[in-house]
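Written out below as structure tokens is the structure these notes cover.
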Amino acid sequence: MEIRTRFAPSPTGYLHIGGARTALFNYLFARHHKGKFILRIEDTDVARSTEESTQAILDGMQWLALNWDEGPYFQSKRFELYKEHAYKFLEMGKAYKCYCTAEELEQRRGEAIKQGKPPKYDGRCRNKKDEQGKPFAIRFKVLPGTTLVKDIIKGKVAFENDEIEDLIILRSDGTPTYNLCVVVDDATMEITHVIRGDDHLNNTPKQIMLYEAFGYPLPQFAHLPMILGSDKTRLSKRHGATSVMAYKEMGYLPHALVNYLARLGWSCGDQEIFTIEELTEKFSLENVGKSSGVFNPEKLLWLNQHYLKEGKIEELAILLTPFLEAKGYHASADKRLTDIVKGLQERSKTLIEMADSAEFYFKEDVQYEENAANKFLTKDIQEIFELLISRLDSLPEFTHNAIETIFTAIMNEKDLKLGKIAQPVRVALTGGTVSPGIFEVIEILGKETSIARLKKAVEFIANPAAKGQKTE
RNA sequence: GGUCCCAUCGUCUAGAGGCCUAGGACGGAGCCCUCUCAAGGCUUAAACACGGGUUCGAAUCCCGUUGGGACCGCCA
């Protein structure tokens, strides 16, 4: 039988970390079994669902490359189907019309809680006769007994039916509710494995009752543990960015997030780094843990750094350009940019950092960090700078090796260690004390710019006050 | 409050009764390398929540306690 999984978000916000992991596990499970992964938008709550949210979720899925095989299906377009099912229950006597108003129910619930009683619907409309013209909701009749949930992750979980109230399946405005829709959809879409957050575990007995009442075969259930924030409460904005797309904006690589999410709750021995192919091959629900996990941004950052370090410079250059654009620098992914990326890729944890570090390559004018200038742009280096300027200028081939030869010669002549020369030059060329290797920086900057910046530094040394911290 | 779930280093986890003096990874500390910063290499601190059983033997099985989480909507 073909394995069919689904991700079924409700479009009431962006795709968040938790949802993305649920989607990922569904995706991996389906791919592993060469089955189908279906996307379904649960927009039965017309008031809260928005098109922007739907689009945001689609964008997030696409960015993470969680490609779906069918859908997106929209529940809002299937209302007739749900309605039919609800009325069928009515005919079969498995559901009844409830004439209680939302206000009445709300009031009774409040009183029950006040008295310390469980806020459960008392079933008072179960045996009422039809009242013509009065609005009604349709409630499913929960029969006595025990409902057993067989969960791949949690094992067998038994629920007493008398703990469960008669649930509304069709609202008084004629729209269907969540539990009805999921069951009808999962059944008619022939979903074989329902993989979702364990916040749905308590809904599962209700849904099983609906399946059984319809005579639909049960899917397999797998309830994933929640993702928590650092204080072990449910992950929310308080814990930092929870939107998947926020990570794109912060300069994360999609596969870093995928890899991180995969290992949050699932493991494969001691392996930490996985390609998507490896994930697909190795993923199984048996290796999903039972306990909830804390979202750890540091580890995600480490993975991002890892993939930046390992990434192809041509691809990274393309990904970097929008971040340079955002800083006001026009850059195309040409040879110069890939050279820049090569030097920066193991010095950056995110694309934002990379763009920041690349800034001195693009700036018209260097500005010196005050401490760096004070420490390194001093009288005693002036002579070295002048020497460097003339020798660089007469260099026929402006290559890494040729530049290094010049430095070595000066080191020998002046009996200086490379560090004594490189740091001042670094400040002169980049404005700061941190950059890729100095020969590489000079080569990429080019003869003209390098010399111009060295000359500027010489002027600065001669007259720091006048040429000092001018702002652009 | 009721129901349900969960419990190994700070965090993610390995662990399917003897392989555990509990392994890996992130993060931390230290050292090495070094033109800066990184990267890399090496070393190191750090956990089986507690109490009872079962067993020759328990991180692993059972019970309880404690702690955490989720759900109790005409939300999904």
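Proteins come first, then strands; the chains are lettered A, B, ... in the order of their sequence lines, and each starts at number 1.
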Where does the angle between the aromatic ring planes of A/F221 and A/Y211 fall among parallel (under 30°), tilted (30 to 60°) and perpendicular (over 60°)? perpendicular
Under 4.0 angstrom between A/T177 side-chain N/O and B/G73 OP1 or OP2: no
NA contact type, A/F295, heavy-atom cut-off 4.0 Å: base, sugar-phosphate, or nothing? nothing
Among residues two or more places apart or on two chains, list those pairs meeting salt bridge (Lys or Arg N to Asp or Glu O under 4.0 Å) that have a residue in residues 410-429 of chain A. A/E383-A/K414, A/R391-A/E413
Please write out each protein N/O paired with an N/O of nucleotides 63-69 of chain B under 3.5 Å, distance rounded to 0.1 Å.
none

Under 4.0 angstrom between A/S267 side-chain N/O and B/A14 OP1 or OP2: yes
Indicate the ring-plane relationship of A/Y216 and A/H85, choosing parallel, tilted or perpendicular according to the 30° and 60° boundaries. tilted
Calculate the interatomic distance between A/E443 atom CD and B/C35 atom P; express it in whole Å. 19 Å
Does anything in residues 408-433 of chain A pair up under ring-ring contact (aromatic ring centres under 6.0 Å, His included), and if so which pairs, sequence neighbours excluded? none
Contacts to RNA chain B from residues 99-111 of chain A, heavy-atom cutoff under 4.0 Å, which residues? A/C100, A/T101, A/A102, A/L105, A/R109
Return the nucleotide paired to B/U60: Watson-Crick means purine N1 to pyrimidine N3 with N6-O4 or O6-N4, wobble means G-U with N1-O2 and O6-N3, both under 3.5 Å. none
Any residue in residues 145-157 of chain A with a heavy atom nearer than 4.0 angstrom to RNA chain B? Just list them by number, or reply none. A/K154, A/V157
Whole-Å distance, A/E298 CD to B/G27 P, equals 8 Å
Taking only residues at least two apart or on different chains, which pairs with a member in residues 347-359 of chain A satisfy salt bridge (Lys or Arg N to Asp or Glu O under 4.0 Å)? A/K327-A/D356, A/K327-A/E359
Contact list for RNA chain B against residues 305-313 of chain A - heavy-atom distance below 4.0 Å: A/Q305, A/K309
Go through the structure and list residues passing salt bridge (Lys or Arg N to Asp or Glu O under 4.0 Å) with A/K83, not counting sequence neighbours. none
Could you identify which residues of residues 340-362 of chain A place a heavy atom less than 4.0 Å from some atom of RNA chain B, listed by residue number, or say none? A/E346, A/R347
Side chains of A/Y96 and A/D166: do they bring a donor and an acceptor to under 3.5 Å? yes
With sequence neighbours left out, which residue pairs that include part of residues 140-158 of chain A fulfil the salt bridge (Lys or Arg N to Asp or Glu O under 4.0 Å) condition? A/K154-A/D198
Just to verify, what does A/D130 make a salt bridge (Lys or Arg N to Asp or Glu O under 4.0 Å) with, not counting sequence neighbours? A/K97
Which pairs count as ring-ring contact (aromatic ring centres under 6.0 Å, His included) when at least one residue sits in residues 421-442 of chain A, sequence neighbours excluded? A/H400-A/F439, A/F407-A/F439
